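A short write-up of the structure that comes next.
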Number of protein chains: 6
Amino acid sequence: MRVVTFGEIMLRLQPEDHLRLVQCDRLEATFGGAEANVAVSLANFGVDAAFVSKLPAHEVGQSAVNALRRYGVDTSFIVRGGERVGIYFSEKGASQRPGKVIYDRKASSVAEAVSVDFDWDAIFEGADWFHFTGITPALSPSLADIVIKAAKAAKSKGLTVSCDLNYRKKLWSKEEARIVMGEVCKYVDICIANEEDAGDVFGIKSEGSDVENGQLNAEGYIEVARRLAERFGFMAVAITMRESLSASDNRWGAMLYTADGAEFSRKYSVHIVDRVGGGDSFAAGLIYAMGSGYTAHDAVEFATAASCLKHSVEGDFNLVSLDEVKALAAGNAGGRVQR
Amino acid sequence: MRVVTFGEIMLRLQPEDHLRLVQCDRLEATFGGAEANVAVSLANFGVDAAFVSKLPAHEVGQSAVNALRRYGVDTSFIVRGGERVGIYFSEKGASQRPGKVIYDRKASSVAEAVSVDFDWDAIFEGADWFHFTGITPALSPSLADIVIKAAKAAKSKGLTVSCDLNYRKKLWSKEEARIVMGEVCKYVDICIANEEDAGDVFGIKSEGSDVENGQLNAEGYIEVARRLAERFGFMAVAITMRESLSASDNRWGAMLYTADGAEFSRKYSVHIVDRVGGGDSFAAGLIYAMGSGYTAHDAVEFATAASCLKHSVEGDFNLVSLDEVKALAAGNAGGRVQR
Amino acid sequence: MRVVTFGEIMLRLQPEDHLRLVQCDRLEATFGGAEANVAVSLANFGVDAAFVSKLPAHEVGQSAVNALRRYGVDTSFIVRGGERVGIYFSEKGASQRPGKVIYDRKASSVAEAVSVDFDWDAIFEGADWFHFTGITPALSPSLADIVIKAAKAAKSKGLTVSCDLNYRKKLWSKEEARIVMGEVCKYVDICIANEEDAGDVFGIKSEGSDVENGQLNAEGYIEVARRLAERFGFMAVAITMRESLSASDNRWGAMLYTADGAEFSRKYSVHIVDRVGGGDSFAAGLIYAMGSGYTAHDAVEFATAASCLKHSVEGDFNLVSLDEVKALAAGNAGGRVQR
Amino acid sequence: MRVVTFGEIMLRLQPEDHLRLVQCDRLEATFGGAEANVAVSLANFGVDAAFVSKLPAHEVGQSAVNALRRYGVDTSFIVRGGERVGIYFSEKGASQRPGKVIYDRKASSVAEAVSVDFDWDAIFEGADWFHFTGITPALSPSLADIVIKAAKAAKSKGLTVSCDLNYRKKLWSKEEARIVMGEVCKYVDICIANEEDAGDVFGIKSEGSDVENGQLNAEGYIEVARRLAERFGFMAVAITMRESLSASDNRWGAMLYTADGAEFSRKYSVHIVDRVGGGDSFAAGLIYAMGSGYTAHDAVEFATAASCLKHSVEGDFNLVSLDEVKALAAGNAGGRVQR
Amino acid sequence: MRVVTFGEIMLRLQPEDHLRLVQCDRLEATFGGAEANVAVSLANFGVDAAFVSKLPAHEVGQSAVNALRRYGVDTSFIVRGGERVGIYFSEKGASQRPGKVIYDRKASSVAEAVSVDFDWDAIFEGADWFHFTGITPALSPSLADIVIKAAKAAKSKGLTVSCDLNYRKKLWSKEEARIVMGEVCKYVDICIANEEDAGDVFGIKSEGSDVENGQLNAEGYIEVARRLAERFGFMAVAITMRESLSASDNRWGAMLYTADGAEFSRKYSVHIVDRVGGGDSFAAGLIYAMGSGYTAHDAVEFATAASCLKHSVEGDFNLVSLDEVKALAAGNAGGRVQR
Amino acid sequence: MRVVTFGEIMLRLQPEDHLRLVQCDRLEATFGGAEANVAVSLANFGVDAAFVSKLPAHEVGQSAVNALRRYGVDTSFIVRGGERVGIYFSEKGASQRPGKVIYDRKASSVAEAVSVDFDWDAIFEGADWFHFTGITPALSPSLADIVIKAAKAAKSKGLTVSCDLNYRKKLWSKEEARIVMGEVCKYVDICIANEEDAGDVFGIKSEGSDVENGQLNAEGYIEVARRLAERFGFMAVAITMRESLSASDNRWGAMLYTADGAEFSRKYSVHIVDRVGGGDSFAAGLIYAMGSGYTAHDAVEFATAASCLKHSVEGDFNLVSLDEVKALAAGNAGGRVQR
């Protein structure tokens with residue numbers, strides 16, 4: 001299976017351990033971004049994964065390329081040009097103190113990319129799957145057009161198209177999101193969302209949940225999924241459900257809705273190492289599982305196990321192997337040392 | 001509001017992460033001390049806060065000054081002279097292993113300060129509040145005299161005077177503390193104590209609590225506060241209550257007793273990053289809230305939320321903003337990433 | 001009391017914090033190994049402890065010697081020669097992600113040691129106790145012979161001989177272990193095992209436990225101990241019991257079986273800093289306690305408290321003092337800061 | 001003496017030691033910028049120094065403010081607003097490999113500042129000296145206007161105005177620089193330049209020098225200074241002269257030209273720790289010395305000694321004391337340990 | 001141009017900065033090895049470079065693969081299997097203290113590789129150049145056979161074959177080297193050696209040099225090259241010449257001998273950051289230059305400039321770009337900051 | 001040979017790399033002190049070396065003991081008690097910026113030691129040599145008495161007694177030093193001094209040297225040594241001579257004066273990693289060489305080579321082996337990598 005993802009990869013600057021930005025004089029410098037994270041996770045599962053983007057020709061841009069190559073992602077369709085790598089500053093939360101993200105991604109090379117930068121015919125040559133998230137079209141009107149064009153091209157070439165709604169209020173308004181994502185979703189087969197996205201983007205909400213304080217009405221999400229599927233004709237809708245007990249401890253599970261009904265994964269109580277990229281690791285798990293012909297039940301368990309493990313891994317990337325995910329999905333959750 | 005605090009700021013030397021002193025070859029070098037911590041916390045809330053002390057003229061003394069300036073504390077009344085910066089070695093505890101503090105603070109510049117080092121008329125010019133803790137008079141007989149003199153001057157100039165009892169058995173005996181603090185408290189308006197201080201210093205104890213193992217009889221503390229208020233005529237008595245489940249997990253709450261009765265804060269289950277300075281961050285929160293005219297209920301919630309957050313911040317200083325405390329005091333405790 | 005332990009000390013290479021091997025470019029370089037860990041722990045308790053092994057003459061071998069000397073272990077019987085220091089790569093687990101150990105210890109100096117390298121008469125001169133684990137004879141047939149010879153010599157000289165079964169499936173098969181350990185155990189007075197060892201090595205299992213998921217039938221272990229004691233004539237059998245809730249949180253306790261019956265320790269809920277060496281720290285605690293004439297009840301509480309604390313200490317070595325263990329064994333488990 | 005400087009302070013991100021950007025995963029995060037560097041250096045000399053700029057209200061902006069406060073700079077005229085802190089990535093050079101700087105400073109808060117952000121009447125209240133460099137007007141046309149306005153205001157209020165030409169070819173063309181700086185220089189009393197600036201900005205070059213390979217014709221610079229002074233009526237022109245033997249070793253000296261002729265400093269052979277900010281530390285030294293009434297000879301020796309020391313200090317800021325500069329200016333260059 | 005290199009990539013463990021192995025508790029963990037270094041350097045120049053080897057399937061083996069992928073090397077012909085990654089411990093030298101290397105590479109996966117592991121027909125498909133060094137055949141008799149087979153296959157397919165003699169006395173005797181390398185060299189077009197290799201392997205020495213103390217008789221090397229070329233029919237012989245003034249400062253140059261005579265590069269005085277891999281970076285530069293049709297003069301200048309820069313880069317890999325090498329080869333050696 | 005040294009071991013706190021104290025938030029925490037350094041160096045040469053001192057019973061005191069044990073020093077005569085470990089803060093110098101030491105050693109356990117703490121009969125049992133420096137008696141009047149007593153006891157028991165004058169102006173005045181050292185030297189056989197000590201302590205100066213700027217009149221030191229030997233009857237006088245070109249580069253050599261005349265070592269140009277402990281490493285080298293019966297010529301070459309190497313080693317301790325010193329003393333100064 002060859003999977004193409006498209007979006008932005010950013011330089012992630014984070015103080016060590018639980019330090020706050022105002023007290024540190026060193027920053028961990030890694031790279032991440034929703035679609036890049038998916039590509040890395042798939043490459044770690046042995047999938048032929050390509051990430052498409054635009055990055056400046058200088059050393060910081062090169063470092064972003066290198067971060068992807070290191071984990072086996074095909075970077076040959078990354079266009080080099082423009083002036084800057086998008087940046088996000090990140091602070092880890094702890095206990096009652098929330099994590100914090102400060103974006104400094106305006107005018108990045110990919111946000112200023114233009115349609116001719118990407119030759120989708122060449123890019124989709126030999127590909128089976130195209131994945132992107134709602135962040136990419138939110139970066140600029142030009143990117144919104146490019147995403148629509150890409151999704152349309154993928155669909156017409158017979159690729160499976162998946163989209164994680166991934167609504168970010170700092171990037172665009174709900175109104176802007178609704179219009180663009182409404183158009184994008186016409187070409188989408190599989191829709192992924194977290195417990196808030198569907199409400200934010202399409203006004204489709206689960207009753208009886210209080211997201212901010214971690215009370216989720218899991219059952220209510222079936223209705224959300226059903227309505228999403230109906231509106232856009234999605235083949236499947238996956239919803240991740242996070243109960244945020246604190247910044248250190250969450251409960252994490254997911255639901256996969258298909259024509260055959262809803263399958264809920266088991267729920268994990270996770271003690272968090274790094275929760276950024278949790279949703280992306282779920283998407284990667286789902287793509288792997290559905291692309292490998294798993295049943296809905298097995299697919300949601302695999303994807304949830306993959307993303308459960310992500311919470312124990314530092315950085316945006318889900319650096320776990322296929323065997324590790326399979327072992328957890330099979331119920332091996334006690335965390336005994338492997339030696 | 002301008003708040004003046006007076007005491008010692010020490011060099012804090014701590015192994016990284018959970019390393020023990022005997023196994024490390026690098027030490028994190030930060031600064032802290034009860035009253036300095038209060039000043040920094042207030043400055044972070046936007047209050048005009050000054051810290052008064054004495055520090056040697058060399059680079060280590062300068063680094064202590066710089067640590068305070070960095071966070072906006074007014075250091076213009078810090079006297080430079082004497083020979084050493086007090087030091088404390090600190091090991092983080094974990095699970096059943098307690099944290100450990102080794103003091104090396106004898107003969108520090110401030111412990112050897114003399115009365116003429118401080119011109120309280122000048123220092124209190126334009127100030128609204130004076131705060132100190134029971135650690136300062138414990139450092140030397142000379143400092144005990146200076147504190148009494150300062151508290152008296154503050155009181156006579158109409159400043160609100162607050163004192164955190166902060167009994168440290170390694171600095172003086174209970175008998176010494178009782179005599180000096182008994183004199184000091186004559187000039188105090190607001191008394192702050194933890195679950196043990198009142199018993200250690202004044203022999204006023206809460207029945208039915210087992211502090212060492214984290215069982216606290218919250219109600220019993222009302223009686224402690226009432227008796228303290230009666231004996232010294234305090235306007236308010238605040239008591240913090242820590243239930244120490246382990247070095248990694250505590251429960252944390254507080255009570256504020258005034259003429260109108262006792263207000264208890266909500267209780268937080270905290271997963272600890274660094275618990276040193278927890279009491280100081282409570283004092284700062286209380287000063288902010290009472291100085292801003294909060295009700296007793298709102299004040300104890302604000303102060304407790306501020307100190308709850310401190311447990312998630314590395315170092316002595318409570319590096320959180322007013323908005324962050326307000327959000328938690330308003331009930332937003334789920335720790336979701338802010339982006 | 002003078003205790004001699006014999007085995008391998010390895011270079012332990014571990015990424016910082018919770019990083020995975022594939023994402024790090026620095027490794028913490030410490031040393032450890034079952035019997036070395038026991039020696040260090042005993043030296044920390046003030047016992048005269050010697051560690052016997054073979055290490056190459058170069059700087060990495062010297063660093064291993066230095067690591068032991070640093071904590072007061074007698075290294076004068078370590079033979080210098082051969083070509084390599086055994087290595088193990090270690091990743092810390094977190095939450096549902098298990099820790100991982102990759103051994104690179106083949107052809108180490110000690111694995112290739114020969115009988116004449118060790119003069120047991122000289123080594124046991126003045127010693128009271130000999131301790132080793134099932135790892136040492138598993139390293140090579142030559143070492144299996146040497147261990148048998150050493151145990152026999154110790155026994156004949158009147159030393160107490162203790163052995164931790166410590167079965168490692170990557171080092172030898174169950175069949176090999178059964179044959180060798182069956183011979184070794186003839187000279188053993190005190191046998192230590194974890195919840196799986198007796199089953200793996202001698203086919204003696206506790207019914208009703210599911211080790212992988214942390215459900216242990218504590219009572220069933222009495223039967224295991226009784227059968228072990230009967231088969232080999234052990235004076236005492238100690239079994240540690242770990243319930244692995246996750247890689248971050250375990251429950252930990254132990255049982256000590258003697259002719260007078262079984263004594264169970266209290267159980268600790270531990271939030272894990274580093275669980276490697278947990279069993280070794282138990283063995284050291286047991287040797288200390290039994291060598292000091294503790295009752296079975298006090299001995300198992302002391303050993304369990306010692307090993308509980310180990311889980312809060314980074315590295316293989318249990319860097320805690322006698323006073324710290326005694327305080328916890330006495331019930332002081334709240335982890336309050338000591339200052 | 002109160003000195004006001006105006007410009008941009010950037011987040012400086014640099015790999016540790018001599019690592020290159022493409023091989024590191026951590027970055028030292030400090031702050032710097034030409035005029036901020038001057039302010040810090042002056043504050044370290046005990047001068048009342050204020051830095052004026054604009055920075056976003058978030059934590060990264062706050063960290064920039066804190067970096068200045070830490071060293072005693074008055075930050076009360078820094079406007080908070082806009083969206084980003086300018087960034088520069090920096091690699092240290094070594095031997096034949098040049099250091100490298102990648103700017104990511106477009107659209108920073110100060111580059112997008114507008115005239116009403118700064119109230120020069122209030123800012124110059126009580127000030128004696130105004131300093132800026134040619135970088136500030138290069139950041140945006142709006143800033144060029146603001147700088148002209150500020151310089152004019154300073155001049156009219158009787159402040160001494162100094163300007164370091166500091167031409168940066170990545171920020172603007174030589175033509176743009178000539179026009180703007182030509183206007184700015186009308187209000188300047190003291191002009192500072194390195195061995196290339198006068199040529200780049202005003203086409204006034206020293207014959208017989210090969211800057212790229214470190215051959216400087218020191219005498220030829222007298223003519224450059226004379227022509228600059230004549231064209232703009234400068235009271236003094238200072239020129240720093242760097243002979244770049246390699247990225248590790250430079251020779252460093254300066255000339256100060258006044259109506260009384262040219263004074264050359266002694267030349268230092270410097271083994272470089274960090275050469276960024278070398279020119280700024282010279283400017284600060286010159287302002288200190290000239291503001292303190294030093295003779296031209298003493299002033300150029302003091303300024304050159306200050307900047308010589310800068311090359312031994314990590315980061316943009318020249319963290320040396322007045323005593324340290326005086327000792328070197330007095331000829332004490334052997335670097336013996338002070339104990 | 002597609003270049004294939006074949007050999008071992010090792011885990012390189014080195015204390016930070018100038019620390020010695022016996023005093024450190026952390027090690028920098030990077031990867032390197034003669035032929036891997038050449039491949040990385042070529043990939044950095046934009047060449048299609050593949051590295052062929054064998055590595056274990058576990059995470060340490062994966063990290064080695066990732067290190068190569070990160071810099072764009074084709075790893076698709078690396079066989080996964082065997083048990084261990086070769087290791088070398090390295091200490092940086094300084095001043096009069098030499099650097100030190102401790103090999104722990106016995107029984108590595110590639111040393112135990114067998115002939116059927118590598119399908120040279122497939123590997124050389126589309127390749128233009130094959131490079132290896134004298135280290136690879138020294139690792140095991142099996143590898144010696146494989147190297148001969150590979151060189152023969154490459155030669156017969158019309159690839160240019162280059163070999164760096166790279167004699168390592170810890171791996172084999174001079175006699176073993178002479179026999180094997182004598183056979184290997186039959187298939188070699190371009191021979192690379194340092195100032196000692198030809199003497200060690202083939203007994204062909206330069207008169208009048210004292211290598212240990214850095215006195216080299218450059219002219220004498222022409223004779224060495226001539227004799228090598230005659231004996232084996234080499235098209236070209238390149239000899240690097242290091243004058244080791246101390247571990248911190250070397251002089252570095254090279255000679256390229258062809259049928260047209262000898263061309264000497266300029267000599268560089270290098271202040272050393274890391275000299276390991278210096279020879280490999282020369283080989284890569286030479287392959288690039290000769291493969292690009294440079295004249296002998298330009299080729300030796302390019303290769304020497306490339307390797308001069310390597311001395312300023314941490315780690316085995318020469319992380320410099322084509323433009324950087326060209327700039328130095330063009331004479332730009334002053335190391336001025338590029339901004 | 002068994003050597004006993006007596007003095008203080010301090011916690012050495014130093015910023016990483018070339019950072020200054022005012023800009024760092026981590027400190028390297030190692031241990032050192034003149035006589036401890038000598039003991040470690042001797043232990044590294046394989047000598048049975050004991051260090052005698054007094055250290056507090058807490059973890060920081062234990063860490064000091066461990067630092068010595070790690071390198072094989074006999075610590076069994078270190079008395080545990082008192083309150084503090086002496087501390088010194090250290091900044092590395094660079095280029096024209098001098099290194100800096102801030103002592104915080106007052107009231108350390110050893111400075112407050114009393115005569116009964118040390119049983120010299122037991123301590124000198126089996127010893128051949130006693131070494132101390134002029135720092136120890138400078139720490140307190142009590143220590144001055146103890147040193148005299150110890151030297152006297154050593155002398156009477158037939159040990160060779162060596163003393164490094166090591167004058168420290170921050171510890172005592174020249175007058176105090178003259179009186180005490182004059183008494184001490186009555187029992188000394190071998191006197192060691194640097195280029196200033198004899199002048200500072202006994203007013204015996206070398207004409208024609210300018211120490212501050214690194215111009216030394218080596219010949220003039222013969223006269224100094226002759227006069228010292230005559231006044232106190234020293235068997236030998238060794239003088240180290242440092243020419244301080246800068247904080248980064250020194251020239252280093254020594255002279256050994258005996259009844260047979262003066263022997264000068266070769267001079268080394270050292271590029272400095274850490275020069276603290278340079279004199280102590282010379283003393284250790286001299287003790288080793290003279291204790292091993294070297295000729296005066298060989299002894300001064302060995303001692304100078306040992307101390308030359310120390311300048312390349314981080315920390316106070318000279319972590320080099322006998323073989324390394326011998327190789328340099330034999331003239332192998334090119335610093336080529338040993339592999």
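Order of the sequence lines fixes the chain letters, A, B, ..., with proteins taken first and strands second; residue numbering starts at 1 for each chain. Hydrogens, waters and symmetry mates play no part in the numbers below; they use all other heavy atoms, side chains included. Owing to the predicted nature of the structure, the values given are computational and were not obtained by experimental measurement.
- If you tally non-hydrogen atom pairs under 4.5 Å between each of A:Gln23, A:His18, A:Lys170 and chain B, the highest count goes to A:Gln23.
- Proximity to chain A is absent for every atom of B:Thr30, based on heavy atoms less than 4.5 angstrom apart.
- Taking 4.5 Å as the limit, some side-chain heavy atom of A:Val180 sits within range of a side-chain heavy atom of A:Trp172.
- At a 4.5 Å heavy-atom cutoff, B:Phe317 makes no contact with chain A through either its backbone or its side chain.
- Of the atoms belonging to B:Leu319, heavy atoms from both backbone and side chain fall under 4.5 Å from chain A.
- Only the side chain of B:Val273 has a heavy atom closer than 4.5 Å to any heavy atom of chain A.
- Residue A:Tyr88 does not touch chain B at all, counting heavy-atom pairs closer than 4.5 Å.
- Contact of the A:Lys310 side chain with the A:Asp274 side chain is registered, since non-hydrogen atoms from C-beta on lie closer than 4.5 Å.
- Judged purely by distance below 3.5 Å, without hydrogens or angles, the side chains of B:Thr133 and B:Glu35 pair a donor atom with an acceptor atom.
- Looking at A:Arg20, only its side chain comes within 4.5 Å of chain B, counting heavy atoms on both sides.
- Contact check on A:Arg97 versus B:Glu324 returns no salt bridge, with no Lys/Arg side-chain nitrogen under 4.0 Å from an Asp/Glu carboxylate oxygen.
- Taking a cutoff of 4.0 Å between a charged side-chain nitrogen and a carboxylate oxygen, A:Arg242 and A:Glu196 do not qualify as a salt bridge.
- Comparing A:Lys169, A:Lys92, A:Lys100 by how many heavy-atom pairs each has under 4.5 Å with chain B, the most go to A:Lys100.
- Under a 4.0 Å N-O distance rule, the pair A:Asp200/A:Arg168 does not qualify as a salt bridge.
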